[in-house]
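Read the structure below first, then the notes.
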Amino acid sequence: MLKDFKPVLSILLRFITVYVVLLLVYQFYLNSFAQLGLDSFSHFIAEQVRDIQNYLGYLTQLFDDIKGEQVYFKVKGIYATRMVEGCNAISVMILFVSFVFAFYKGKKTFFFVMAGLLILYLMNVLRIVGLNLVMTDYSQYGKMAHDYIFPAVIYGTVVLLWLIWIKFFALQYENT
């Protein structure tokens, strides 16, 4: 009976193993920034968001709140939003990587993960830019944008990438 479930258990075990290992590594990384403010990856994203917004004509400054472990975006003279660790999409990326590696298919797994992480990174930066612009120009839609629209963008991207992985890569050998 266990023989019938072996492929499913193998996929589940790979997913859990990769997820837990990446989560522990990420937590270790975050712990190294305790008392230093926002972690460097999140701060790097905030700087890129600032640069894009400045390029688009939305004068943006960053203000560090080391004690609060956050960075404030001041856009066109308005404190539009703040960046915290959860805004960097690392947890979403960990989930994406874990799922793809659960259906491991050799070298192409690594290439797909790298391409997917790049896409998720870009989508996340654009998501934060979009949220800042909404909060600056259309603040009445800010809660809806923050709570529903922009999470749908990043999670929708993950689901789309998963579907592409399964349809065109993971199940490729089974369909031929």
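Keep in mind it's a predicted model, so treat the numbers as computed, not measured.
Side-chain atoms of T60 and K74, non-hydrogen and from C-beta on, never get closer than 4.5 Å to each other. Side-chain contact between I164 and F169 is present, with at least one heavy-atom pair separated by less than 4.5 Å. In this structure, the side chains of D137 and Y58 come closer than 4.5 Å at one or more pairs of heavy atoms. Counting heavy atoms from C-beta outward, L59 and V75 have side chains that stay 4.5 Å or more apart. Side-chain contact between D64 and L38: absent, with no pair of heavy atoms (C-beta onward) separated by less than 4.5 Å. Contact of the I45 side chain with the F41 side chain is registered, since non-hydrogen atoms from C-beta on lie closer than 4.5 Å. Counting only heavy atoms from C-beta outward, the side chains of I11 and Y104 never approach each other to under 4.5 Å.
Separating the CZ atom in R50 from the NE2 atom in H43 is a distance of 8.0 Å, to the nearest 0.5 Å. Once rounded to the nearest 0.5 Å, the distance linking CG of L62 with CD of E47 reads 6.5 Å. Here the straight-line distance linking atom CD of Q61 with atom NZ of K76 works out to 14.0 Å at 0.5 Å rounding. Separation of atoms CE (M144) and CD1 (I149) is listed at 4.0 Å; rounding is to 0.5 Å. The distance from atom OH of Y155 to atom CH2 of W162, rounded to the nearest 0.5 Å, is 9.5 Å. Atom-to-atom distance recorded for F33:CZ and E69:CD is 10.5 Å, nearest 0.5 angstrom.
When all heavy atoms of S42 and E85 are compared, the closest pair comes out as OG-CA, 3.8 Å. Heavy atoms only, all atoms of each residue included: P151 and A145 are closest at CD-O, 3.8 Å. Among all heavy-atom pairs drawn from F103 and A170, the shortest one is CB-CB, 3.9 Å.
The hydrophobic clustering, which links ILVMFWY residues whose side-chain heavy atoms are closer than 4.5 Å, places V20 and V97 together. I78 and I52 are assigned to two separate hydrophobic clusters, defined by single-linkage of ILVMFWY side chains at heavy-atom distances under 4.5 Å. V8 and I16 fall into different hydrophobic clusters, defined by Ile, Leu, Val, Met, Phe, Trp and Tyr side-chain heavy atoms under 4.5 Å apart, directly or through other members. Hydrophobic cluster membership is shared by V18 and L24, with clusters built from Ile, Leu, Val, Met, Phe, Trp and Tyr side chains linked at under 4.5 angstrom. Transitive grouping of hydrophobic side chains (ILVMFWY, heavy atoms separated by less than 4.5 Å) keeps I90 and F28 in distinct clusters.
Remark: side-chain polar atoms of S139 are not paired, donor with acceptor, to backbone N or O of M135 under 3.5 angstrom. Without hydrogens or angle criteria, T17 side chain to F15 main chain gives no donor-acceptor distance under 3.5 Å. Although no hydrogens or angles enter the test, the distance criterion places a donor-acceptor pair under 3.5 Å between the side chain of S98 and the main chain of I94.
Note: Y72 and Y79 have perpendicular aromatic rings, judged against thresholds of 30 and 60 degrees for the angle between ring planes. In this pair, Y26 and Y29 present their aromatic rings parallel. The plane angle is below 30°, not in the 30 to 60° band.
Within a 6.0 Å radius of CZ in F63, more than 12 heavy atoms belonging to other residues, nucleotides or ligands are found.
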Apply side-chain contact (heavy atoms from CB on, under 4.5 Å) to residues V134 and F150 and explain how you reach the verdict. CA-CA 11 Å; V134 167; F150 290 112; 4.2 Å; yes

From CA spacing to verdict: side-chain contact (heavy atoms from CB on, under 4.5 Å), V158, L95: CA-CA 9 Å; V158 169; L95 197 60; 5.7 Å; no

For F96 and L161: C-alpha separation, side-chain torsions, deciding distance, then whether side-chain contact (heavy atoms from CB on, under 4.5 Å) applies. CA-CA 8 Å; F96 165 74; L161 288 169; 3.7 Å; yes

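Applying the side chain to side chain donor-acceptor pair (under 3.5 Å) rule to S10 yields the partners R14; only residues at least two apart in sequence or on another chain are considered.
In summary, the aromatic rings of Y19 and F101 are positioned with their centroids too far apart to meet the 6.0 Å limit.
D65 has no carboxylate O lying under 4.0 Å from a charged side-chain N of R82, or vice versa, which leaves the two without a salt bridge.
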Side-chain donor-acceptor pairs of residues 111-131 under 3.5 Å, sequence neighbours excluded:
residue, atom, partner, partner atom, Å
Y121, OH, Q48, OE1, 2.1
N124, OD1, R127, NE, 2.8
N124, OD1, R127, NH2, 2.7
N124, ND2, C87, O, 3.0
N124, ND2, N88, O, 3.4
R127, NH2, C87, O, 3.2

